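Report on the following structure.
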Amino acid sequence: MDQIFQDLLYEYQRSPDQDLKELVNHRVLIVGAGPVGLSAAIDLAIQGIEVLVLDESEKVSTGSRAICVSKRTLEISHRLGIGKKMLDKGVIWNLGKVLFDRKKIYEFNLLPEIGHQYPAFINLQQYYVEEYLVSRIRHLQSQGYPVEIRGKNRVEKVTNNIEKVIVDINTPDGKYALSCDWLIACDGPKSTIRSSLGLDFDGKVFEDNFLIADVTMEAEYPAERRFWFDPPFNKGQSALLHKQPDGVWRIDLQLGWNIDKEEEKKEENVIPRLTAMLGGGVEFKLEWVSIYTFQCMRMESFKHGRIIFAGDSAHQVSPFGARGANSGVQDVDNLCWKLKLVLEGKSPESLLESYNYERVLAARENILNSSRSTDFITPKSNISMKFRNAVLELAENHQFARPLVNSGRLSTPSTYDNSALNTYDQMKEPVRSRVGSPCPDLPFEGGYLLNKTGNHFSLITFNYKLKLSLESLPVDLKIINVAEDDSNQEFIHDRFLGAFDRAVYLIRPDQHIAARWSVFKKNLLLEAIKKVIGY
Amino acid sequence: MGKINLKPNITNGDDFYSKLILAHEGLSDEESTEYNSRLILILANQIGDENILNEALEVASRT
């Protein structure tokens, strides 16, 4: 497994930009080639926007990082061209089990519905995700798409000007500078760009430490998320076990806060802990170990002039709930179509304010949930510990207490309630598909409805025969007609119609719902489109 | 105030009161706290309504 951390994915190469006296301008510069930066690069490139990615290394992100990829992220990845590949490699899971001491007290199923292309979650190592994204970029390059990655290009300083951003970069061949129209900062929790601008990052550091380990082993454990409170092998603490591809298992062991990190990381101390957890007879090989202290932080605003922050550079969460990388990818899903419209002159720059509104809303939701999970897993006061244990004890025998057991509220996409881009919700129900929410999936024409949407605006009609000329519309619109029949009737009513007979949905390029009507009028559509593109 | 009922509503108040004290007999302070925590959660679930629970939390802090 070490090899993957050695392979050069984007080897340093001197660029012609470095030899020119004047600054070369790029339309969009992305700093950071992690899952968020690379997803943004593909998203912009496939929409015809010239994009350059800079990363200080030449390799995948080191260590055991994000592993749980949510359904929404898979849908976005599908739109970007790697969803199927991720699904094929990943380990699918929907079921979570929570144990207290030795007994199972709670079980939850994340996707109790059928009729979706993608499962609730897959487990896939971050290095695979990055590899697939880079591979996709290489393919796009071979097709002539305007995307480039430069490794060993370390951004040291950025200057936000009215018209451009100036970027100072250091390379093995020395320093050079570039300019760009827009810069997307995807350079992680310790973002150099954020600190070089002197910007805040406020929140809470949790005074607790977790041992993160990847082990390879042949084990009969099923592919489900398994969480222990107060297990016999880690008394008074917690543990988490997740299956990954290649027979690699991810283990998180809570260690408490007053520990000697260097001691705890030593193999001779880690191995006995893992042996106690996995059972004496299980053979395993330790692939990776590190100690992680959590924080929940965010910037006040994610947009600063022409510099936009996405992913961990903008917000950080504790990992319970898989809300880190997943929300970062959803950030750029939200951003890129807006940036494209602005760059094409079809939208005012103020459209980008909605990125800030919508993704700060999502970040607050993610931070709230992951903080609550962290408080439940690591109670901070005696009385908090008492209540926490009361929940666990009651949950064993009484159903009512089980939903209170919080070992992580798993990531779901946010609904952008009250966004300035939303059109008044004429239908009001179903609530799950209200304006601002992500469009539900549906089996459709031998495939899935969501695959027909994305990258452009869509108008989905349900039992509606529309005669519509698309000429006077300011953006391209694709019409998708869905007719109710025996096979999809239940899904359609649950997910789109409620008690209505028919409806029309306007879907954004990021597959969120911009408007919906049970009584459709063309002038309403025109108003809705103007609103969603920022007018 | 909203929906919370602060008028006498316990059937056989004295009876419940003495049972509550009795439930703690023989328990250490710590065990009593644990018992009370479980009891609060059970009763909160019975009440269920978010607004009433919020008001109850508030009344308890004011008194």
Side-chain angles (χ1 to χ4, degrees), chain A residues 98-108 227-232 235-238 256 364-365 368-369 371-409 415 417 431-432 434, chain B:
Chain A
V98 181
L99 298 95
F100 181 35
D101 193 359
R102 280 174 227 275
K103 295 179 222 151
K104 182 184 91 172
I105 52 166
Y106 183 48
E107 193 173 285
F108 56 88
F227 192 97
W228 287 261
F229 285 99
D230 196 22
K235 282 227 85 42
Q237 306 287 357
S238 68
R364 291 178 66 191
E365 191 179 305
L368 180 68
N369 277 289
S371 299
R372 284 179 174 172
S373 301
T374 313
D375 280 339
F376 192 91
I377 293 165
T378 63
K380 289 294 162 279
S381 62
N382 283 331
I383 189 65
S384 178
M385 178 70 84
K386 293 279 182 256
F387 274 111
R388 196 283 298 274
N389 289 344
V391 169
L392 293 176
E393 281 150 17
L394 289 166
E396 195 187 324
N397 294 313
H398 306 289
Q399 207 184 349
F400 84 87
R402 289 168 201 158
L404 293 174
V405 175
N406 191 340
S407 68
R409 299 296 182 221
T415 293
D417 290 314
V431 171
R432 68 181 283 177
R434 65 190 184 275
Chain B
M1 270 306 230
K3 298 157 77 179
I4 195 169
N5 182 1
L6 292 171
K7 297 202 180 75
N9 195 44
I10 305 175
T11 5
N12 258 318
D14 283 350
D15 208 51
F16 169 72
Y17 186 85
S18 66
K19 286 192 171 119
L20 183 59
I21 305 304
L22 201 62
H24 286 271
E25 200 161 284
L27 299 184
S28 67
D29 282 347
E30 194 169 346
E31 287 166 337
S32 277
T33 305
E34 288 164 7
Y35 178 87
N36 280 341
S37 304
R38 292 192 292 272
L39 187 61
I40 286 171
L41 293 171
I42 292 163
L43 294 173
N45 187 67
Q46 183 66 36
I47 292 169
D49 180 285
E50 198 180 346
N51 294 318
I52 297 179
L53 288 172
N54 288 337
E55 289 183 29
L57 286 167
E58 211 194 318
V59 172
S61 74
R62 278 200 269 120
T63 314

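In what follows, every chain begins at residue 1, and chains take the letters A, B, ... in the order their sequences are listed. As the structure is a computational prediction, the values presented were derived from the model and not from experiment.
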Does [X], at its [atom1] atom, have more than 12 non-hydrogen atoms belonging to other residues, nucleotides or ligands within less than 6.0 Å?
X        : atom1 : value
A:Arg402 : CZ    : yes
A:Arg432 : CZ    : yes
A:Lys235 : NZ    : yes
B:Asp15  : CG    : yes
B:Tyr17  : OH    : no

Against chain B, residues from residues 378-388 of chain A with at least one heavy atom under 4.5 Å, in numeric order, are A:Ile383, A:Lys386, A:Phe387

For residues 20-32 of chain B against chain A, heavy atoms under 4.5 Å, the residues are B:Glu30

Those residues of residues 45-52 of chain B that come under 4.5 Å of chain A on a heavy-atom basis, listed by number, are B:Asn45

Across all chains, not counting sequence neighbours, the ring-ring contact (aromatic ring centres under 6.0 Å, His included) partners of A:Phe227 are A:Phe229

Bottom line for B:Leu39: the part with an atom under 4.5 Å from chain A's heavy atoms is neither

Rounding to 0.5 Å, atoms CZ (B:Arg38) and CG (A:Asn389) come to a distance of 10.0 Å

